[in-house]
Amino acid sequence: MATAKLWGGRFTAKAAEWVDEFGASIHFDQKMASEDLEGSIAHAKMLGKQAIISEKESAEIVAGLQALQKELENGQLVFDVKNEDIHMNMEALLTEKIGAVAGKLHTARSRNDQVATDFHLWVKHRLPDVLTVLTELQEELLILASKHSGTIMSGYTHLQHAQPITYGHYLLAYFEMFQRDYERFEFNQKHTDILPLGAAALSGTTFPIDREFVAEQLDFGSIYHNSLDAVSDRDFALEFLSNASILMMHLSRMAEELILWSTYEFNYVELSDDFSTGSSIMPQKKNADFAELVRGKTGRTYGSLMALLTTMKSLPLAYNKDMQEDKEQVFDVTDTVIASVKIFTGILNGLKVHEKRMLASTQDDFSNATELADYLATKGVPFRQAHAIVGQLVLAGITTHTPLQEMALADLKSAAPQIEDDIYNVLKSETAVNRRTSIGGTAVENVKKEIVRNQAILEARA
């Protein structure tokens, strides 16, 4: 029984329709339609240049592919699941347009190196979009940090009040996380910017192809040196998913804090109405739904990474049909990451910071205890002894509901005679923050230094 499959010459039986649908990928790999046409145009030009096909045939094929590009841009192309994937659909459409000469386009290539090329191109085209939205998020962080370089808040460890910090200092910690994310995606470009085309099915081709010409046409920085690796490598996709997972983890951490801090109990910040939702039953509610969604989509991103890692973990060289499962995760995660970063940029842009509430949270929480211990250490008291003395004072303060800065000087001196009346200035949250340093200078000065440094980083990208 004859088959209409482009690869069906040696087959005598036709699969059931539902089997064809199971094996088809056109419902998702049509996202690479533009990249498939782009790669085919470069390949067709190379075939003509190398006299593998005639220049006339090459020009005819290129013109047909360019016509399909215009139809794709206008939403006029219709794909058929019977043609399995985007590559065979495009070849079928090209054949309808220019006739049998379209069959010469597949000379010196395989769907194996074709799909790898399409996938490389797709990721290569979208990595700049990820880098752009990350830059916009970092810019928003710097704007907010500049406004709050001196806004006092509680710093946390174990989600317990630890020491007073500034909100600007806190925000710049996320700038650093997103900077590392940016650098990871930036490096991801290196492993994406490699041309697989020319590897054919797995071992190259007998035709005198010019891979450097194709790489130049498609703006690839280099070509694969090993043909087996070229068709079976998906490290660039795994890197992308890994980078995306780390980025989403960072967003999720900040989301958790925004959700907590916008509660009645904390009331440190208020999200704008644009990035909040209400309740269908409780009229007073203002929910941080968009931050929660980003937190939830983080698990979805992790799942995509684990799915592809699991798919690739035991595949023998070279290409295997399992690798058809590589794209949906990347397509979905790309959309998820770009949207999530944009959401956070919007959230930060409209965020209302309750500065007085942040400061108040540092007044009766004993988070200045370390300052008192450090003070005693400067007076010659061994730090471990100072730690124990202050611990006893904190216990007394908790019992009597008296913060350290409100204790009588006589009570403080009875615990440690080295304490003098200058201690009250030391114990103020504002003073405590600005007495500490990690890079030289007061806390506020350090925040401002970081902002200048980080602004220079962003300006260098322009």
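Heavy-atom basis, side chains included; hydrogens, waters and symmetry copies ignored.
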Task: Within the 6.0 Å centroid threshold, strictly below: Phe290 and Phe344 - done: no

Open item on the list: If you apply the rule ring-ring contact (aromatic ring centres under 6.0 Å, His included), what do you find for Tyr174 with His250, and how did you get there?
Closed with: CA-CA 8 Å; Tyr174 280 100; His250 291 153; 7.6 Å; no

Task: Worked check of side chain to side chain donor-acceptor pair (under 3.5 Å) between Ser25 and Glu84 - done: CA-CA 6 Å; Ser25 58; Glu84 296 185 9; over 6 Å; no

- [ ] In plain terms, say whether Glu420 and Lys379 are close enough for a salt bridge, that is, a side-chain N and a carboxylate O under 4.0 Å apart.
- [x] yes

Open item on the list: Tell me whether the NZ or CZ atom of Lys327 lies within the 45° cone about the ring axis of Phe119 and under 6.0 Å from its centre.
Closed with: yes

Open item on the list: Within the 3.5 Å criterion, strictly below it, is a donor on Asn368 or Gln405 matched to an acceptor on the partner's side chain?
Closed with: yes

Task: Pairs satisfying side chain to side chain donor-acceptor pair (under 3.5 Å), at least one member in residues 452-462, at least two apart - done: Thr135-Arg461, Gln138-Arg461, Glu176-Arg453, Gln179-Arg461

Task: Donor + acceptor pair across side chains of Ser361, Ser154 (<3.5 Å) - done: yes

Task: Shortest non-hydrogen contact between Thr334 and Val330, atoms and distance - done: OG1-O, 2.7 Å

Open item on the list: Tell me the closest heavy-atom pair linking Ala42 and Gln217, and the distance in Å.
Closed with: CB-CB, 3.8 Å

Task: Polar side chain donor-acceptor pair, Asn446 to His169, under 3.5 angstrom - done: no

TODO: Output, in order, the C-alpha distance, side-chain angles, deciding distance and verdict of ring-ring contact (aromatic ring centres under 6.0 Å, His included) for Tyr167 and Tyr170.
DONE: CA-CA 5 Å; Tyr167 187 48; Tyr170 159 84; 5.5 Å; yes

Task: Sequence neighbours excluded - side chain to side chain donor-acceptor pair (under 3.5 Å) pairs with any residue from residues 308-323 - done: Lys321-Gln324

Open item on the list: Looking at Asp181 and Arg184, is any side-chain nitrogen of the basic one under 4.0 Å from a carboxylate oxygen of the acidic one?
Closed with: yes

Task: Under-4.0 Å salt bridge between Arg211 and Glu216 - done: no

Open item on the list: Assess, by modelled atom type and distance only, whether the side chains of His87 and Asp118 contain a donor and an acceptor separated by less than 3.5 Å.
Closed with: yes

Open item on the list: Closer than 4.0 angstrom, basic N to acidic O: yes or no for Arg357 and Glu270?
Closed with: no

Task: Pair Asp422, Tyr375: side-chain N/O donor-acceptor within cut-off below 3.5 Å - done: yes

- [ ] Begin with the C-alpha distance, continue with both residues' side-chain angles, and end with the deciding distance and a verdict on salt bridge (Lys or Arg N to Asp or Glu O under 4.0 Å) for Glu186 and Arg180.
- [x] CA-CA 10 Å; Glu186 193 173 39; Arg180 292 191 294 272; over 6 Å; no

